[in-house]
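Below, each value reflects all heavy atoms present in this structure, side chains not excepted, and no hydrogens, waters or symmetry copies. Everything numeric here is computed off the predicted structure, so don't read it as measured data.
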Amino acid sequence: VRNEMLGFIFQQYNLLPRLNLMENVEVPLIYANISRAERHRMAQEVLEKVGLGSRMGHRPDQLSGGQQQRVAIARALAMNPDILCFDEPTSALDPELTGEVLKVIKSLKGADSTMIVVTHEMEFAKSISDRVIFMADGIIEEDGTPEQVFCHPRSAKTQQFLSSSLEHF
């Protein structure tokens, strides 16, 4: 039996600039005392999973913001966590790169981990979530299925936010 493990993906990618992608992904595996050969295999596997297998030898400054965020996702996935926490994973990205990262996150749904995603991407939240919690000023305003929260919100703050941000829904 293993302890629950948490993987974090931050707004800013927090990659180590002097390390290549493979080495960046291997960092948490080093601290877990995983052998060099196994670290390499695991890092390669998750970089392939996020579509960056061919760029393993590149440094972060040789990548787009979306690619850097995908490396951060790979690094979190490398430890095979039970829970993945995404803190505004697309906030620093332009719309094209946002779509690229959201596609990777969506591909992880149904894996063996739970995902907690803090996001302002309402359309994405509605399409991927099993449960949505809407917070305003540190208070939970809504908690329910995407259908309940997006189509039948009870809170005035939620209604106001959704009416101003989801005109295209």
**OP:** Could you pull out all residues at least two apart from Lys157 that satisfy salt bridge (charged side-chain N to carboxylate O under 4.0 Å, His left out)?
**Re:** Asp137
**OP:** May I have all residue pairs that pass salt bridge (Lys or Arg N to Asp or Glu O under 4.0 Å) and include part of residues 85-102, sequence neighbours excluded?
**Re:** Arg70-Glu100
Original post:
Can you list every ring pair (Phe, Tyr, Trp, His ring centres under 6.0 Å) pair that touches residues 33-92, not counting sequence neighbours?
Top reply: none
Subject >> Residues that, via side-chain heavy atoms closer than 4.5 angstrom, fall in one hydrophobic cluster with Ile133 >> reply: Met135, Ile140
Original post:
What residues form a side-chain contact (heavy atoms from CB on, under 4.5 Å) with Ala74, not counting sequence neighbours?
Top reply: Val25, Val46, Leu47, Val50
Original post:
Taking only residues two or more places apart in sequence, or in another chain, which ones meet Ser129 in a side-chain contact (heavy atoms from CB on, under 4.5 Å)?
Top reply: Ala125, Val132, Pro146
Subject >> Those residues that, when tested against Tyr13, pass ring pair (Phe, Tyr, Trp, His ring centres under 6.0 Å) (two or more places apart) >> reply: none
Original post:
Tell me the salt bridge (Lys or Arg N to Asp or Glu O under 4.0 Å) pairs involving residues 54-67, sequence neighbours left out?
Top reply: Arg59-Asp61
Subject >> All side-chain contact (heavy atoms from CB on, under 4.5 Å) counterparts of Gln160, not counting sequence neighbours >> reply: none
**OP:** Quick one: name the residues clustered hydrophobically with Leu16, using the 4.5 Å side-chain heavy-atom rule over I, L, V, M, F, W, Y, and just say none if it's on its own.
**Re:** Leu19, Val27, Tyr31
**OP:** Would you please name every residue forming a side-chain contact (heavy atoms from CB on, under 4.5 Å) with Pro153, sequence neighbours left out?
**Re:** Glu142, Thr158, Gln159, Leu162
Original post:
Mind checking what makes salt bridge (charged side-chain N to carboxylate O under 4.0 Å, His left out) contact with Glu38, not counting sequence neighbours?
Top reply: Arg41
Subject >> Check: Pro89 main-chain N/O paired with Gln69 side-chain donor or acceptor under 3.5 Å >> reply: yes
